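Heads up: the structure comes next, in structure tokens.
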Amino acid sequence: QAKAAGRNTMRFFDPRMQAAVSSRVALEADLRNGLLRGEFVVYHQPQFDTHLKLIGAEALVRWRHPARGLICPGEFIALAEETGLIVPLGGWMLERACAHLARWARRAETRELTLAANVSIRQFRQAGFVEEVLDVLARTGANPARLKLELTESLLISDVESTVATMAALKRAGVGFSLDDFGTGYSSLAYLKRLPLDQLKIDRSFVRDITTDANDAAIARTIIALGHSLGLAIIAEGVETEEQRQLLQENGCDAFQGFLLGPPAAA
Ligand code: C2E
Ligand code: MG
Ligand code: MG
Ligand code: MG
């Protein structure tokens, strides 16, 4: 009896749950192999100032999957973070970003452009992260002043001392910092003021309805005022219409990124 019950245990699992678990395991193995096989590619999304002059870009990862086609980070970044694969993946993205910057430096038209790379908290907290960035900069010959690292507010939840120390070490080398998805996380203003940031990035969830929702407009205005009074530049992400861009600009937003001005495209 017991043996039969044991053998039939699987019966009691929700088959959908089982499918989810096995597809997660498969995705993890796939991710690992994808990294080894060089299936990841870099996309760039342009950023513009208030005169609509191109000032730089953000590097965004894509997965060119041999069977599934082009996959967006929403489908694999969370798992990459859970499994730690974000560390080698993020390291690779950083390397690519610096290589692009070094190439841009050779032409007058692209020399001044900045390139932003997203850095996951797990990657940022790795021992030796500062050395890794300095090493990649030295190896590629990229100008540190053109590299911007995008961090998220989750960084502020713990260990603010060491966060500030890591950022300060890279700042000394000339690297810039932007706080991504600002307003969606757990930022404590007491901590925010201690971070050596250069830029706040207004999250696209506030931009989306900015022309129709008075609360979103108020939040965006407040972020802009807060950032400026801390001496930071403000960029809005997810700008899809000219009306959104204009409202942001009227409220003092310094730079824009979004489908209106250019979608992410192969680097
Ligand atoms: P993010 O850093 O906030 O990047 C902006 C996301 O908004 C990108 O999604 C971009 O394609 C999308 N976007 C840009 N303009 C618009 C717009 O006008 N409307 C809308 N609705 N969306 C827009 P993507 O490329 O799918 O990346 C999603 C997230 O994945 C990124 O959000 C970032 O958190 C993460 N990510 C991407 N690449 C990397 C990476 O190399 N390392 C790490 N750690 N995370 C990455
Ligand atoms: Mg970003
Ligand atoms: Mg963002
Ligand atoms: Mg966002």
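Owing to the predicted nature of the structure, the values given are computational and were not obtained by experimental measurement. Both counts, for ligands and for their atoms, begin at 1 and track the order of listing.
- Residue-ligand proximity, Met93 to ligand 1, at heavy-atom distances under 4.0 Å covers atoms 41 (O).
- Ligand 1 places these atoms under 4.0 Å from at least one heavy atom of Glu237: 3 (O), 5 (C).
- Side-chain atoms of Glu153 come within 3.5 Å of backbone atoms of Thr184 as a donor-acceptor pair (strictly under, hydrogens ignored).
- When non-hydrogen atoms are compared, ligand 1 lies under 4.0 Å from neither the backbone nor the side chain of Arg208.
- Under 4.0 angstrom from ligand 1, there are no non-hydrogen atoms of Gln123.
- The shortest heavy-atom distance from Pro264 to ligand 1 is under 4.0 Å.
- Neither the backbone nor the side chain of Asp203 comes within 4.0 Å of ligand 1, counting heavy atoms alone.
- In terms of polar-atom proximity, defined here as any N/O pair under 3.5 Å, Phe259 does make such a contact with ligand 1.
- The backbone N or O of Trp104 sits less than 3.5 Å from a side-chain atom of Thr110, completing a donor-acceptor pair.
- Between Glu161 and Arg194 a salt bridge is recorded (basic side-chain N to carboxylate O distance below 4.0 Å).
- With salt bridges taken as basic N to acidic carboxylate O contacts below 4.0 Å, one links Lys171 and Asp198.
- The shortest separation from a heavy atom of Gly238 to ligand 1 is under 4.0 Å, placing the residue in contact.
- Residue contacts with ligand 1 include Arg62, since one or more of its heavy atoms lies under 4.0 Å from the ligand.
- The side chain to side chain contact (heavy atoms under 4.5 Å, CB included) with Leu200 is formed by just one residue from the set Asp180, Leu230, Leu232; it is Leu232.
- The number of heavy atoms from other shown groups lying within 6.0 Å of CZ (Arg64) does not exceed 12.
- Within ligand 1, the atoms closer than 4.0 Å to a non-hydrogen atom of Glu240 are 17 (C), 18 (O), 19 (N), 20 (C), 21 (N), numbered from 1 in the order shown.
- Cluster annotation: Leu197 is not connected to Ile235 through the hydrophobic network of ILVMFWY side chains, with a link wherever side-chain heavy atoms come within less than 4.5 Å.
- Remark: side-chain polar atoms of Arg62 are not paired, donor with acceptor, to backbone N or O of Leu70 under 3.5 angstrom.
- Panel detail: the Mg ion (ligand 2) has protein N, O or S atoms under 2.8 Å away, 4 in number.
- The pair Lys201-Glu58 meets the salt-bridge criterion, with a side-chain N (NZ, NE, NH1 or NH2) lying under 4.0 Å from an Asp/Glu carboxylate O.
- Hydrophobic cluster membership differs between Phe124 and Val136, with clusters built from Ile, Leu, Val, Met, Phe, Trp and Tyr side chains linked at under 4.5 angstrom.
- Electrostatic pairing of Glu95 and Arg139 counts as a salt bridge here, judged by a charged N lying under 4.0 Å from a carboxylate O.
- The six-membered or imidazole ring of Phe48 lies away from that of Phe256, with a centre-to-centre distance of 6.0 Å or more.
- Contacts between Asn118 and ligand 1 below 4.0 angstrom, taking non-hydrogen atoms only, involve backbone and side chain alike.
- The shortest N or O to N or O distance between Glu81 and ligand 1 is not under 3.5 Å.
- At a heavy-atom distance under 4.0 Å, no atom of Thr152 approaches ligand 1.
- Under the 4.5 angstrom side-chain criterion for Ile, Leu, Val, Met, Phe, Trp and Tyr, the cluster partners of Ile77 are Leu27, Leu31, Leu35, Phe40, Val42, Val61, Trp63, Ile71, Phe76, Leu79, Leu85, Ile86, Val87, Leu89, Trp92, Met93.
- Contacts with ligand 1 closer than 4.0 Å are made by side-chain heavy atoms of Ile86 only, the backbone lying farther away.
- Backbone and side-chain nitrogen or oxygen atoms of Val61 are examined, and one is located within less than 3.5 angstrom of a nitrogen or oxygen of ligand 1.
- Residue-environment remark: OH (Tyr43) exceeds the threshold of 12 foreign heavy atoms within 6.0 Å.
- Contact between Gln257 and ligand 1 is absent, with no heavy atom of the residue lying under 4.0 Å from the ligand.
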